[in-house]
Amino acid sequence: MDVPQPTYPTTLRLSRIVKGDNPRRYFDQKKHDDLVASIRLRGVLQPILLRPKGDVFSIVAGERRYRAALEAYGPDGHVPVVIREMTDQEALEAAIAENDDRDDPSETEQADAAVRYLAACQGDRADAAGRLGWSRAKLDRRLALADLSDTVKLALDERRIKVGHAELLAAVPGDKQDKALQTILTAGLDVAKTRELLMRVTQNLGNACFDKTECTTCPFNSGTQRVLFETHVDDGSCTNPTCFQLKTEAVEQVRLGEQERAAAAARTAAPSTVDDDDDSGQDDAADEPTQSADSQEPSADDAGSASGNETRGATASTPAKSVSSGSAVQKPIVTAQSIARRTTDLREATWRTALARALAGNASYAHTAILVAAMSGTLSQIKADTLTSRAGLLVGASFPTLDYKGKIAAIRALPDRHAANVLSVIGAAYAKDVLTFGHVADLARAFEIDLRDTWKVDQGFLDRYTKDELKFIAQECGLVAHMGQKAFAKRLASKKSDLVASMLNAIGFDWSGRLPSAMTLEGQYGPPPVRVASQIEPPITEIAA
């Protein structure tokens with residue numbers, strides 16, 4: 001027996017109607033006012049499509065008519081309606097179809113609808129495009145626009161920017177889109193000028209030193225953008241400079257690490273009587289405290305050693321002193337200074353990078369560094385091609401070809417914010433190129449740069465040390481106290497590779513913010529910073545409030 005279908009009214013009081021899940025997000029105020037005037041004069045001519053939702057009815061299509069009628073009649077007014085039983089998916093499809101039939105469909109509304117449809121189709125883009133009645137290309141373009149910030153979406157909805165602007169901004173990292181939008185609106189940039197501006201701050205992927213496999217599908221690769229949009233920057237450019245820089249620096253760190261390991265291998269090529277990877281467990285007992293980092297004098301047993309605590313072990317030509325019976329080989333004393341001497345290249349490269357980032361991100365810091373460098377005669381140590389090779393990006397595409405007079409004019413014409421960016425880049429270049437590391441250290445101290453914010457103990461760092469030196473690092477960083485003397489002694493008796501792995505993966509121990517003395521400028525261990533109550537981020541609810 002068929003269940004009789006409910007009979008619904010053809011008119012309904014506005015108070016019984018609620019907003020639905022229509023992807024529409026923007027309503028033009030002038031068109032709204034015109035519709036209100038029309039409804040007051042002629043009434044609502046086209047019924048509003050609704051579906052039952054408990055004791056009320058949810059809008060599927062006709063929200064603009066509903067809004068205007070509510071203003072014209074108030075909540076007790078009646079409007080013509082068509083009420084149908086519909087699933088969530090059917091309601092969404094009807095709403096999208098109604099939006100597409102309008103004369104002014106919003107690209108951002110279509111973007112939001114595309115995201116919802118793709119989720120309903122379990123990520124199958126071909127299926128989603130087919131059910132939307134769109135081409136696959138249109139679906140991909142709208143999905144790309146879905147990554148725009150809400151501020152940029154609103155600007156597009158209100159037609160304060162064009163679709164071409166939005167397509168270009170879609171290739172900019174989300175945290176920089178609002179700032180770029182403000183630049184476009186303040187300067188009144190058209191699409192062509194916006195594209196030119198983006199070209200100045202992109203990185204040429206052809207010159208990248210890192211593996212570009214991930215870049216082939218990255219939304220910040222202008223090659224991907226060309227496939228999606230009519231408006232784009234030139235092929236082979238990266239519009240995410242932060243990512244580009246981090247990948248470049250990662251490759252540089254690997255290169256430096258390889259050089260350091262090669263140098264270490266060369267230093268230890270001579271036969272040594274100390275086998276640091278020996279499994280015999282004959283290392284210094286872990287429950288005996290390693291000599292303090294404050295100790296500057298060699299012990300009595302070192303008196304006959306030619307280089308004191310710098311000597312790792314005796315060679316065949318220079319036999320070491322025996323400890324008691326002459327059967328044991330004396331080991332060098334491990335101190336903060338002896339470890340630091342093994343880490344000079346990494347420490348200096350890491351601090352140069354940290355200073356460069358600070359100067360690149362703070363024009364005031366960069367201004368100070370440049371003035372000091374100029375007054376001290378060290379500004380000329382910036383390598384010539386460090387800046388000239390990027391002048392086209394930093395100032396303008398035509399800058400390298402200008403004569404000197406033209407270059408002066410181009411620099412003078414730079415907006416203050418653009419000029420500040422150029423100063424920041426010059427400051428960062430100085431941090432990388434200045435010959436004396438002492439200058440880098442002094443600037444880092446002056447600007448209170450904290451390496452704990454950007455650097456962390458990892459396997460590459462620990463692999464460079466002997467087991468005795470690893471024990472020293474574990475003690476000063478608090479790992480021995482965390483694990484317990486006996487537990488750490490057991491780890492110390494294992495192979496060095498196993499010891500390093502156990503140090504990095506100790507349960508409940510976090511290396512973040514712990515800076516070994518070997519990596520500091522002062523040669524003293526830097527413990528994790530203590531966050532005061534005022535520095536703790538408020539809950540999300542407080543931020544929203």
Q. With no hydrogens and no angle check, is any side-chain donor or acceptor of His165 less than 3.5 Å from a backbone partner on Ala155?
A. no
Q. Ser15 and Arg13: which non-hydrogen atoms are nearest, and at how many Å?
A. OG-CD, 2.9 Å
(Q) Within this structure, what is the CG-CG distance for the pair Leu462 and Leu499, rounded to the nearest 0.5 Å? (A) 8.5 Å
Q.
Met519 vs Phe461, test: side-chain contact (heavy atoms from CB on, under 4.5 Å). Steps then yes/no.
A. CA-CA 10 Å; Met519 290 296 293; Phe461 175 75; 3.7 Å; yes
Q. Is Arg357 salt-bridged to Asp453, going by a charged N under 4.0 Å from an acidic O?
A. no
Q. Should we say atom CG of Asp416 is surrounded by more than 12 heavy atoms from elsewhere, each under 6.0 Å from it?
A. no
Q: Using a cut-off of 6.0 Å, state whether more than 12 heavy atoms not belonging to Lys432 lie near its atom NZ.
A: yes
Q) Any idea which heavy atoms bring Leu148 and Lys153 closest together, and the distance? A) O-CE, 3.5 Å
Q) Heavy-atom count around Arg84 CZ within 6.0 Å, excluding the residue itself: above 12? A) no
Q: Return each pair, listed once, that meets side chain to side chain donor-acceptor pair (under 3.5 Å) where at least one residue sits in residues 68-79; pairs must be two or more places apart or across chains.
A: His32-Glu71
Q.
If we count only N and O atoms by modelled type, under 3.5 Å, do the side chains of Asp433 and Thr386 hold a donor and an acceptor together?
A. yes
Q. Say you draw a straight line from CD1 of Ile161 to CG of Asp190; how long is it, rounded to the nearest 0.5 Å?
A. 13.0 Å
Q.
Students often mix this up, so state it plainly: with edges at 30° and 60°, are the rings of Phe57 and Tyr8 parallel, tilted or perpendicular?
A. perpendicular
**Q.** side-chain hydrogen bond (donor to acceptor under 3.5 Å, both in side chains) partners of Arg514, counting only residues at least two apart
**A.** none
Q) What's the spacing between Leu12 CG and Ile17 CD1 if we round to 0.5 Å? A) 5.0 Å
**Q.** Steps toward side-chain contact (heavy atoms from CB on, under 4.5 Å) verdict (Arg67, Lys19)
**A.** CA-CA 10 Å; Arg67 288 169 175 255; Lys19 295 179 181 179; 3.4 Å; yes
(Q) Give me the atom names and distance for the closest heavy-atom approach of Leu402 to Gly406. (A) CD1-O, 3.6 Å
**Q.** Check: Thr388 side chain, Ala384 main-chain N or O, donor-acceptor pair, under 3.5 Å
**A.** yes
Q | Side-chain ion pair, Arg16 and Asp55, N-O less than 4.0 Å | A | no
**Q.** Asn362 side chain vs Ala358 backbone, donor-acceptor pair below 3.5 Å
**A.** no
(Q) Assess whether a salt bridge exists between Asp140 and Arg125, defined as any Lys/Arg side-chain N lying under 4.0 Å from an Asp/Glu carboxylate O. (A) yes
Q.
Does Ile507, at its CD1 atom, have more than 12 non-hydrogen atoms belonging to other residues, nucleotides or ligands within less than 6.0 Å?
A. no
Q | Polar side-chain atom of Thr343 near backbone of Leu346 as donor-acceptor pair, under 3.5 Å | A | no
(Q) To check you understand the geometry: which heavy-atom pair defines the closest contact between Ala354 and Leu451, and what is its length? (A) CB-CD1, 3.8 Å
Q.
Checking the side chain of Thr186 only, and the main-chain atoms of Thr183 only, is there a donor and an acceptor separated by less than 3.5 Å?
A. no
Q) Are the side chains of His418 and Ile411 in touch, meaning some heavy atoms are under 4.5 Å apart? A) no
Q) Is there side-chain contact between Thr353 and Trp455, with at least one heavy-atom pair below 4.5 Å? A) no
Q) Which pair of heavy atoms, one from Ala69 and one from Val79, lies closest together, and at what distance? A) CB-CG1, 3.8 Å
(Q) With rounding to the nearest 0.5 angstrom, report the CG to CG distance, Leu181 to Leu189. (A) 10.5 Å
(Q) I want to check something: taking the side chain as every heavy atom from C-beta on, are Asn421 and Val425 in contact at a cut-off of under 4.5 Å? (A) no
Q: Determine whether Leu355 and Tyr365 make a side-chain contact, defined as any pair of heavy atoms from C-beta on separated by less than 4.5 Å.
A: no
Q | Heavy-atom side-chain proximity of Ile59 to Leu50 below 4.5 angstrom | A | yes
Q. Does the side chain of Ile48 reach to within under 4.5 Å of the side chain of Pro80, using non-hydrogen atoms?
A. no
Q.
Name the residue from Arg142, Lys138, Arg159 that meets the salt bridge (charged side-chain N to carboxylate O under 4.0 Å, His left out) definition with Glu107.
A. Arg159
Q: Take atom CD of Glu348 as the centre, draw a 6.0 Å sphere, and report whether it contains more than 12 heavy atoms from other residues, nucleotides or ligands.
A: yes
(Q) Could you report the tightest heavy-atom contact between Pro528 and Arg452, atom names first, then the distance? (A) C-NH1, 3.8 Å
(Q) I need the Asp33 CG to Ser38 OG distance, nearest 0.5 Å. (A) 12.5 Å
Q. Side chains of Ile184 and Leu168: does their closest heavy-atom pair fall under 4.5 Å?
A. no
Q) Under a 4.5 Å cut-off applied to non-hydrogen side-chain atoms, are Pro9 and Ile83 in contact? A) yes
Q: Apply the test side-chain contact (heavy atoms from CB on, under 4.5 Å) to residues Glu158 and Leu154: give CA-CA distance (whole Å), side-chain angles for both, the deciding distance (0.1 Å), then the verdict.
A: CA-CA 6 Å; Glu158 296 175 345; Leu154 181 60; 3.4 Å; yes
Q: Go through Arg51 and Glu85 one step at a time and tell me if the side-chain contact (heavy atoms from CB on, under 4.5 Å) criterion holds.
A: CA-CA 6 Å; Arg51 64 172 177 146; Glu85 300 276 354; over 6 Å; no
Q) About how many Å separate CD of Gln459 and OG of Ser497, when rounded to the nearest 0.5 Å? A) 8.5 Å
